[in-house]
Amino acid sequence: MKKVKILFPTFFCILLLLTGCSDSSTEVENGYTSYYITIANDSSFDVTELVISMVGIEDIKQISVLAEGEISQQFEFQLTDPSGCVPISYGDYRGSYLQNGIEKYIFIPIPEINIFMHINDDGYTIEDVGN
């Protein structure tokens, strides 16, 4: 029984070390985590004046016109790890676009690292595409 009491904590510590040292799925470089978003216009209309940003950084991505059936480039946002007093929406995507002359808003809370946003006639959907 004494060997079991010693072996279990030892194996548990080894497991923690192994999982702690493995390559994580996020890209962290110099205290920044990279987030990626690609946008597809799957709607029946052109999307214009598309603006998207991430809460916590001043980087804003803009697309003048995303034609029907067109896919944007992959945009990268580099977000620092939160410190101090940060807003509850830190790291969320926010933005807007015009579709058929109507302004529509984008809000994606707690996004995955690499997402694909599909704009359709009724709004948009989000797909996690992994790394």
* Is there a chain of hydrophobic side chains (I, L, V, M, F, W, Y, each step under 4.5 Å between heavy atoms) that links V129 to I71? ->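 Looking at the clustering, I71 is in the same group as V129.
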* Determine, step by step, whether S89 and R94 satisfy the side chain to side chain contact (heavy atoms under 4.5 Å, CB included) criterion, reporting the C-alpha distance in whole Å, the side-chain angles of both residues, the deciding distance to 0.1 Å, and the verdict. => CA-CA 10 Å; S89 60; R94 290 193 175 175; 3.6 Å; yes
N/O donor to acceptor pairs below 3.5 angstrom from side-chain atoms of residues 46-56, sequence neighbours left out:
from: D46; atom 1: OD1; to: E68; atom 2: N; distance (Å): 3.1

* In terms of side-chain heavy atoms, does Y90 have a donor or acceptor partner in T80 at a distance below 3.5 Å? ->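 Present: a donor and an acceptor within the cut-off.
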* **Interatomic spacing from OH in Y93 to OH in Y35 - rounded to 0.5 Å** =>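 These two atoms lie 8.0 Å from each other.
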* To do: Give, for atom CZ of F75 and atom CD1 of I63, the distance between the pair rounded to the nearest 0.5 Å.
  =>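 The CZ atom of F75 sits 4.0 Å away from the CD1 atom of I63.
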* **Candidate list D122, N120, I126, test side chain to side chain contact (heavy atoms under 4.5 Å, CB included), partner Y124, passing option** =>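 Output: one option passes, namely I126.
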For residues 102-109, run the donor-acceptor check on the side chains, cut-off 3.5 Å, and write out each pair with its distance to 0.1 Å, sequence neighbours left out.
from: E103; atom 1: OE1; to: Y105; atom 2: OH; distance (Å): 3.2
from: K104; atom 1: NZ; to: Q99; atom 2: OE1; distance (Å): 2.7
from: K104; atom 1: NZ; to: D121; atom 2: O; distance (Å): 3.4

* Asked: At their closest point, which heavy atom of S72 faces which heavy atom of T38, and how far apart are they?
  ->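 Taking every non-hydrogen atom into account, O-CG2, 3.4 Å.
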* For the student: nearest non-hydrogen atoms of Y32 and Q78, plus distance ->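 So the minimum-distance heavy-atom pair works out to CD2-O, 3.7 Å.
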Side-chain donor-acceptor distances from residues 111-119 under 3.5 Å, at least two apart:
from: N114; atom 1: OD1; to: Q74; atom 2: NE2; distance (Å): 3.3
from: N114; atom 1: ND2; to: G130; atom 2: O; distance (Å): 3.0
from: H118; atom 1: ND1; to: D42; atom 2: OD2; distance (Å): 2.8
from: H118; atom 1: NE2; to: E127; atom 2: OE1; distance (Å): 2.9

